[in-house]
Amino acid sequence: MSKTYYVTTPIYYPSGKLHIGNTYTTVLCDTLKRYKALRGYDTFYLTGMDEHGKKIETVANDRNIAPIDHVTEIAEETRALWDKLRISYDDFIRTTEKRHKTVVQKIFEQLLEQGDIYLGTYKGYYCMPCESFYTETQLDENNTCPDCGRETSQLEEESYFFKLSKYQKRLLQFIENNPDFITPETRKNEVVAFIKQGLNDLSVSRTTFDWGIKVVSNPKHVVYVWIDALSNYISALGYGTDQNQLFTKYWEGDEVVHVVGKDILRFHAIYWPIMLMALDIPINFKLHAHGFYMMKDGKMSKSKGGVIYPDTILKYYGLDELRYFLLRELPYGSDGVFTPETFVERINFDLANDFGNLLNRTLSMINKYFDGYIELNEEAETDFDKDLQQTIKDVIANYKENMNTLKISQALQEVWRLISRSNKYIDETMPWVLAKDEAKKNELENVLYHLVESLRHIGILLRPFLLEATPALFQQLAVEDQFTTWESMQFGDKKSYHVVKKPVPLFPRLDVEEEVNRLKEDISGKPKEEPVEETPEITIEDFVKLDIVIGQITECKTHPDADKLLVSQVNIGRGETRQIVSGIAKHYKPEELIGKKVLVIKNLKPVKLRGVLSSGMLLAGSNKETLEVITSEKLNPGDIVK
Ligand code: ME8
């Protein structure tokens, strides 16, 4: 019986359109599944959507639609995207599905009954504009928000807690006994250090919003998103139901791999194994936490522009170009950057030049010198041949090692080592010189045979990666299916070749300038489906509550503790000066503002921003590129704006 292999992606939040970051993880898992299938494993690939939580509820409210309609729309879009990218997933789980909810409810009740979950009080601080909760230790001085510097409000809420602390020792022991449980090593070290600081019990329910799975025994609580989300890996397999054949086969089978980004390492390396321990489910999985793709100017986010989407790449280039770039460019264990320049270069250098030309040159020569037909000729072996054959063997061994340890970019580099070696072999053996001498016909045939056999091996190794180019390669070399298997990777296995007459380039060369500009334009554009922000209607009574006056800035300095903030002294007439802190330091030097007559909201409740008192607010307008403080020319400090 074949060994089993179960691979999963995180289930993504439907908070916006998925970008190439999420696509990376999904393509990576697809490649792993295809690789294992090539190696004869019985595979199962799970992906899906994490559809509950406050954030999703808010996004749906902002769009004025029901949360379920919002998440269904994004789930359908996401499936359509994965289908377009030919992702070979076997199941797509949505946490709003009944099959998932019943399992989560059962798990929660079991943990409650066992005493691993208990009812307590959650004390935290909430920053309304950032919609984030913080613990006391995370706050800045004066209990302000560590992200935006504004005041937070203290919050006490009844909540269920999961006794993580009870399992701390066992988890550390488990990690020690299973040194390859978490890869890369650096991430494992982070996790161990974090656990050693001591685990706090985890709040696992909420009463402040509805969009979640209700706790059966106390329905005013919904299960907080991580217990809900993590359970997907087993609920999709039917755990806890009488339809649990997939669970028995794959979860309790031979290999299970969760692939995630570094952002959710802790949840998967700590909460998830502890949940499994508490439920007495075997921890069979290995966890791989990869780095992030960044844009040149920083992080990618689903709600922000300046990001590259997989559809953009597919619109202009092929699926294989996208897959190759993503899997090749992110180094093992660290972050990578997407730039239009590197994308176009990778296609031109690696795919069109190195790989494409090798095939082209080989096919042209076989047609030119042998009318398309050549055979293995064992007698004419040279040192160059032996070296090429050895490279093939070494590359296969290293590729295998890299694939098994999820060093995907290195596995591709190994294939390209063979491609380069084969190109060099052409320069060394100089077939065009051999062709001039009739006595060297055998030697020439042997050289071309080596090249075509090398290309067949390259094609097999690239099968999990390039979905369109490898069948095209095999078709041009006229390789029968039985010689495209992993087992057929023996030099000389296919004894003769009758190749096509007219080679077709696998990857067209791109015009660098044109394509870089095209991609840049696309990246700077707003994401197409970004929801339009709508603000609620107000009445004139609401508006007149604002006391807006002209003020003149007399002094301005940067905030002592926050690079983004400026502290201005503003004369607002009648001898009154106000100190106002504004987040405009990115757009103005302090001296540029001195003397400017600006619009000030006078009756805004004073707040301390990063420890500095701010009594009022300056009005400014902004768009994607810039921000401008609104100024007046003719009016004087104290004049009223209405
Ligand atoms: O965290 N580069 O969902 P999410 C590479 N619902 N990978 C990236 C990336 C980037 N720039 N950005 C995102 C969630 N990813 C939870 C998961 S699982 C039980 C619940 C990938 O939509 C990466 O795999 O925020 C990361 O971990 C995941 O998307 C986060 O997706």
Side-chain angles (χ1 to χ4, degrees), residues 6 8 10-14 46-57 60 66-72 75 91-122 157-164 166-167 201-248 250-252 258 264 267-268 270-283 285:
Y6 176 40
T8 67
I11 46 173
Y12 305 113
Y13 289 130
L46 176 71
T47 186
M49 302 297 305
D50 185 359
E51 303 189 336
H52 291 125
K54 173 95 184 117
K55 202 163 156 195
I56 307 297
E57 194 180 64
I68 188 66
D69 293 335
H70 169 77
V71 297
T72 302
D91 196 357
F92 186 97
I93 183 139
R94 299 179 50 193
T95 53
T96 48
E97 286 174 273
K98 188 156 181 283
R99 60 168 172 156
H100 175 73
K101 286 191 198 171
T102 42
V103 174
V104 171
Q105 288 180 325
K106 200 166 160 185
I107 288 177
F108 200 94
E109 291 304 313
Q110 184 186 333
L111 294 174
L112 199 58
E113 228 164 78
Q114 284 171 201
D116 281 312
I117 286 182
Y118 62 91
L119 194 59
T121 311
Y122 176 81
E157 186 188 330
E158 184 183 274
S159 170
Y160 284 100
F161 285 86
F162 186 15
K163 279 189 192 159
L164 291 186
K166 175 174 154 193
Y167 292 93
D201 289 353
L202 178 72
S203 159
V204 289
S205 77
R206 287 286 183 274
T207 53
T208 45
F209 61 88
D210 261 352
W211 183 239
I213 300 177
K214 294 218 172 339
V215 173
V216 177
S217 54
N218 189 356
K220 77 172 189 224
H221 287 257
V222 297
V223 177
Y224 189 48
V225 73
W226 280 99
I227 286 222
D228 175 354
L230 290 163
S231 308
N232 93 88
Y233 299 129
I234 52 176
S235 71
L237 300 180
Y239 165 79
T241 71
D242 48 12
Q243 296 293 313
N244 65 352
Q245 301 83 342
L246 290 177
F247 178 79
T248 318
Y250 291 106
W251 188 266
E252 292 173 354
H258 294 316
I264 51 177
F267 303 100
H268 286 79
I270 300 175
Y271 306 162
W272 181 225
I274 289 185
M275 263 175 80
L276 293 169
M277 279 175 187
L279 292 167
D280 207 17
I281 298 174
I283 307 174
F285 72 90

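All values derive from a computational prediction rather than experimental measurement.
Counting only distance, with no hydrogens or angles, the side chain of Gln114 and the backbone of Ala278 share a donor-acceptor pair below 3.5 Å. Listed for the His52 side chain is no donor-acceptor partner under 3.5 Å among the backbone atoms of Ala229. No side-chain donor-acceptor contact under 3.5 Å links Lys101 to the backbone of Ile213. Under the 3.5 Å distance criterion, the side-chain polar atoms of His70 are matched with a main-chain donor or acceptor of Pro14. Side-chain atoms of Trp272 never come within 3.5 Å of backbone atoms of Trp226 as a donor-acceptor pair (strictly under, hydrogens ignored).
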Starting from the C-alpha separation in whole Å, work towards a yes-or-no answer on side-chain hydrogen bond (donor to acceptor under 3.5 Å, both in side chains) for Glu109 and Gln105.
-> CA-CA 6 Å; Glu109 291 304 313; Gln105 288 180 325; over 6 Å; no

Could you walk me through whether Tyr224 and Leu202 pass the side-chain contact (heavy atoms from CB on, under 4.5 Å) test, one step at a time?
-> CA-CA 10 Å; Tyr224 189 48; Leu202 178 72; over 6 Å; no

Would Tyr250 and Leu46 satisfy side-chain contact (heavy atoms from CB on, under 4.5 Å), going step by step from the backbone distance to the final call?
-> CA-CA 11 Å; Tyr250 291 106; Leu46 176 71; over 6 Å; no

Might you work through the side-chain contact (heavy atoms from CB on, under 4.5 Å) test for Val71 and Met49, ending with a clear yes or no?
-> CA-CA 9 Å; Val71 297; Met49 302 297 305; over 6 Å; no

When you look at Asp50 and Asn232, which way does the side-chain contact (heavy atoms from CB on, under 4.5 Å) test go after all the steps?
-> CA-CA 9 Å; Asp50 185 359; Asn232 93 88; over 6 Å; no

Intermediate values then yes/no, side-chain hydrogen bond (donor to acceptor under 3.5 Å, both in side chains), Thr207 and Glu158 = CA-CA 7 Å; Thr207 53; Glu158 184 183 274; over 6 Å; no

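Summarising the geometry, atom CG belonging to Leu276 is positioned 5.5 Å from atom CD1 belonging to Ile283; distances are rounded to the nearest 0.5 Å. To the nearest 0.5 angstrom, Leu112 atom CG is 8.5 Å from Asn218 atom CG. Tyr6 OH to Ile234 CD1: the interatomic distance, rounded to the nearest 0.5 Å, is 9.0 Å. Taking CG from Asp116 and CE from Met275, the interatomic distance works out to 11.0 Å, rounded to the nearest 0.5 Å. Interatomic distance, CZ of Arg99 versus CD1 of Ile93, reported as 4.0 Å (0.5 Å rounding).
Within the 4.5 Å cutoff, no side-chain heavy atoms of Leu246 are placed close to those of Asp91. Residues Phe108 and Val216 fail the side-chain proximity criterion, which asks for heavy atoms closer than 4.5 Å. Within the 4.5 Å cutoff, the side chain of Glu157 has heavy atoms near those of the Thr208 side chain. Between Lys106 and Thr241 there is no side-chain heavy-atom pair separated by less than 4.5 Å. At least one side-chain heavy atom of Gln245 sits less than 4.5 Å from a side-chain heavy atom of Gln243. Under the 4.5 Å side-chain criterion, counting only non-hydrogen atoms from C-beta, Val204 is not in contact with Tyr271. Side-chain atoms of Trp211 and Thr96, non-hydrogen and from C-beta on, do get closer than 4.5 Å to each other.
Annotation for Arg94 and Glu51: closest pair NE-OE2, 2.7 Å, computed over non-hydrogen atoms. Between Phe267 and Leu230, the closest heavy-atom pair is O-CD1, 3.8 Å. Nearest approach of His268 to Pro273, heavy atoms of both residues: O-CD, 3.1 Å. Nearest heavy-atom pair across Ser205 and Tyr160 is OG-N, 2.9 Å. Considering every non-hydrogen atom in both Ser159 and Arg206, the closest pair reads OG-NH1, 4.4 Å. The heavy-atom pair separating Asp201 from Phe161 by the smallest distance is O-CD2, 4.0 Å.
Checked against the 6.0 Å centroid criterion, the rings of Phe285 and Tyr233 do not qualify as a close aromatic pair.
Considering Thr95, Thr102, Val103 as possible partners of Ser235, the one that fulfils the side-chain contact (heavy atoms from CB on, under 4.5 Å) test is Val103.
Ring orientation note: the planes of Tyr239 and Phe247 are tilted relative to one another, at an angle of 30° to 60°.
Counting non-hydrogen atoms of other residues, nucleotides and ligands closer than 6.0 Å to CD of Glu113 gives a total of 12 or fewer. Dense packing is recorded around NZ of Lys166, with more than 12 heavy atoms of other residues, nucleotides or ligands lying under 6.0 Å away.
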